[in-house]
2 protein chains.
Amino acid sequence: MTTIGFLVRTGRYGIADGLRAAHPEVEFLVADSIDALRPALGRMDALIVATPLYSPAVADLLRNEAPRLRWMQTLSSGVDSVLKHGLPAQLTLTSAIGAHAAPVADHAMALLLALFRGVPSIALGQARRQWAQASQRAGLREIEGCRAAMLGYGHIGRGIVRRLQAFGATVTAVNRTGQGAGEAERLLPVSALSDALVGADILMLCLPGEAASRPLVDGPALDLLAPGAVVVNVGRGSSLDTAALVERLRSGHLAGAALDVFEHEPLAPDDPLWTEPGLIVSPHLAGNGDGVAARIEALIADNLQRFLNGDALRNRVTR
Amino acid sequence: MTTIGFLVRTGRYGIADGLRAAHPEVEFLVADSIDALRPALGRMDALIVATPLYSPAVADLLRNEAPRLRWMQTLSSGVDSVLKHGLPAQLTLTSAIGAHAAPVADHAMALLLALFRGVPSIALGQARRQWAQASQRAGLREIEGCRAAMLGYGHIGRGIVRRLQAFGATVTAVNRTGQGAGEAERLLPVSALSDALVGADILMLCLPGEAASRPLVDGPALDLLAPGAVVVNVGRGSSLDTAALVERLRSGHLAGAALDVFEHEPLAPDDPLWTEPGLIVSPHLAGNGDGVAARIEALIADNLQRFLNGDALRNRVTR
């Protein structure tokens, strides 16, 4: 018999229901703590895991008490925290990469358009019942004709590029190698980052988490952007030097910024970012959307069938 | 000598500067009231007019005192108010249609994404310094897979359709005849409006002003939309029955709406729309963008050259 464990939040306990009906020959165990799964670790073949529930302690237990475990599937697209905590060497790790692409790309565009079209001012003016047309129309911008730089060019980055182009922007995308599919006008390797940033009106960040000692986008990088540029980050807070960003908002070099991710989350109530003029603080919402759960469940169902058949799994993470 | 009058707001007095340099043979007169232009009406060949400064009184003066006047160019895309006030029969009327298409389409998408991605809640939460991730992520939506209906399919409507499709929506567009260029998956005549609305998740309105006695989109029309649909209006307030909209927000049939236009503007401070849950009030901002003035000035320069050459003018309004 094959045994599949689910280490997920209680709100996701239903995730195995469809699988149980399709695979009566498989044992499915669902819990929100590794302690509850511990008695079954010795016979467990695969683990489906909500990334926030994975920890060094879970990794140790899997190494020491799960000798049969060959596959681990995350519910998240990013696996940087899993890799940081470590995992047994024999495991095949698969992610949910792609499942969150649509909402993250939508959220990135929502934040960019919030900056260009003054949506926070609209919301705050509405709360005060103020028809502030004269003040609110000052400075409204359009994306048509803008030059954009897209840092990170996986599923999400390509989705953002497709959206930006429909608004009339031209986009230089940046990934590790400068190679790959996609419709950006230019694709550069990260070694040519400066060429992508010079004169860009829009900087979009959707980089995976890295163990880098310093952020890829620092003050000198921001200085390359066009005067009045805006910055949107929906990737990882560690990619962007927030202090350098704030300096350039205050100097007027940057017209605005919107952050969905931060170096330390949640942002503390006394963090000065909350009240920085021109800065939108979005509390790490981008990955949420009404189609995500169905896409992850379809992926798990497909990968489970592949696992049972001995076929290659989708979304395998190269370590 | 040719005489061209400009009836524009004082902030736009520079609009004739480039033309003066290019056409030393033409007399240019710029004012913000028809009284200031009145002494020159007798020799005026053309009038460039900011639509809000046009009135029945201006129309009367043009009829009675401007016998040479052959061309009138508006700075606005919509000319419904000009046609309502009337104008001399011999005039060729040209609009700035197309000049506002990019910002209006951007604004429509900004409002749609504000509804789908909870941007007003993000802004209000930020003002309270609240990391309200758990409550704010509930109900976030993605455009991918949505069915949209686009009412109005001119420059702006086609721009909105192109943007919606880049997000993964499929779009049924509606115009008067059901004929015309564009990339919508379906294009229907307004006589088949119901077919466009049935089951749509997103209703976008960008209809020109009409003399119709009742709004095209009324309660029964809204009832055809999918449960949980959203409505965005960037055209004219008279196209949408606001009371019927509010009823359907309260019943839960509609999940949200965003209005940039209203039957009576500005909205009064005690208008209940300001505080209607799920409704975004945008104070008629959509047409504003940083590229609009340059596009209008290029259009006027081109049309002036055509006028002087006796060629056909661009953006001629069929009456």
Side-chain angles (χ1 to χ4, degrees), chain A residues 101-103 105-107 109-111 113-114 116-133 136-145 159 162-168 265-271 274-275 279-292, chain B residues 101-103 105-107 109-111 113-114 116-133 136-145 159 162-168 265-271 274-275 279-292:
Chain A
D106 283 9
H107 205 74
M109 294 302 297
L111 294 176
L113 286 162
F116 268 40
R117 306 304 304 173
V119 179
S121 290
I122 292 172
L124 296 169
Q126 180 174 352
R128 294 189 299 264
R129 302 171 172 236
Q130 284 182 344
W131 183 270
Q133 185 187 42
Q136 290 184 6
R137 69 180 163 200
L140 294 188
R141 294 167 72 176
E142 47 198 69
I143 296 177
E144 187 170 287
R162 191 169 60 245
R163 288 162 174 77
L164 284 169
Q165 290 172 328
F167 286 76
E265 297 179 10
L267 214 57
D270 63 349
D271 195 298
W274 289 113
T275 53
L279 182 75
I280 298 174
V281 173
S282 168
H284 205 146
L285 300 169
N288 296 281
D290 52 342
V292 173
Chain B
D106 282 9
H107 206 75
M109 294 303 296
L111 294 176
L113 285 163
F116 267 40
R117 307 302 306 173
V119 179
S121 291
I122 291 172
L124 298 170
Q126 180 173 353
R128 294 189 299 264
R129 302 173 173 234
Q130 283 182 344
W131 183 271
Q133 185 187 43
Q136 290 184 7
R137 71 180 162 198
L140 295 187
R141 293 166 73 175
E142 48 198 69
I143 297 177
E144 186 170 288
R162 193 169 58 245
R163 287 161 174 77
L164 284 169
Q165 290 172 326
F167 285 78
E265 298 180 8
L267 213 58
D270 62 348
D271 195 298
W274 289 112
T275 51
L279 181 75
I280 297 175
V281 174
S282 169
H284 205 144
L285 300 170
N288 297 281
D290 52 343
V292 173

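Numbers restart at 1 for each chain; the letters A, B, ... are given by sequence-line order, proteins then strands. These numbers come from a predicted model, not from an experiment.
Expressed to the nearest 0.5 Å, how far CD1 of B:Ile122 lies from CD1 of A:Ile280 amounts to 8.0 Å. Distance CD/B:Gln136 to OG/A:Ser282: 7.5 Å, rounded to 0.5 Å. Note that CG of A:Asp270 and CZ of B:Arg129 are 7.5 Å apart. Values are rounded to the nearest 0.5 Å.
Your options are A:Gln126, A:His107, A:Met109, and the one with the most heavy-atom pairs under 4.5 Å with chain B is A:Gln126. With chain B as partner, the option from A:Ala105, A:Gly291, A:Ala114, A:Gly125 having the largest number of non-hydrogen pairs under 4.5 angstrom is A:Gly291. For the set B:Gly289, B:Gly168, B:Pro103, the count of heavy-atom pairs under 4.5 angstrom toward chain A peaks at B:Pro103. Of the listed residues (B:Gln130, B:Gln133, B:Arg128), the greatest number of heavy-atom pairs within a distance under 4.5 Å of chain A belongs to B:Gln133. With respect to chain B, the highest number of heavy-atom pairs below 4.5 Å among A:Asp290, A:Asp271, A:Leu285, A:Leu113 belongs to A:Asp290. Annotation: maximal heavy-atom pairing with chain B below 4.5 Å, among A:Leu111, A:Thr275, A:Val292, A:Leu267, occurs at A:Leu267. When the candidates A:Pro266, A:Ala123, A:Pro120, A:Ala102 are compared by the number of heavy-atom contacts under 4.5 Å with chain B, A:Pro266 comes out ahead.
In terms of heavy-atom proximity, A:Leu124 sits nearest to B:Ala127 at CD2-CB, 4.2 Å. When all heavy atoms are compared, the tightest approach of B:Ala286 to A:Arg117 is O-NH2, 3.2 Å.
Partners of B:Trp131 according to the ring-ring contact (aromatic ring centres under 6.0 Å, His included) rule, which considers only residues two or more places apart in sequence or in another chain, are A:Phe262. When the salt bridge (Lys or Arg N to Asp or Glu O under 4.0 Å) test is applied to B:Arg163, the partners found at least two apart in sequence or on another chain are B:Asp106.
Heavy atoms of B:Ala132 lying under 4.5 Å from chain A belong exclusively to its backbone.
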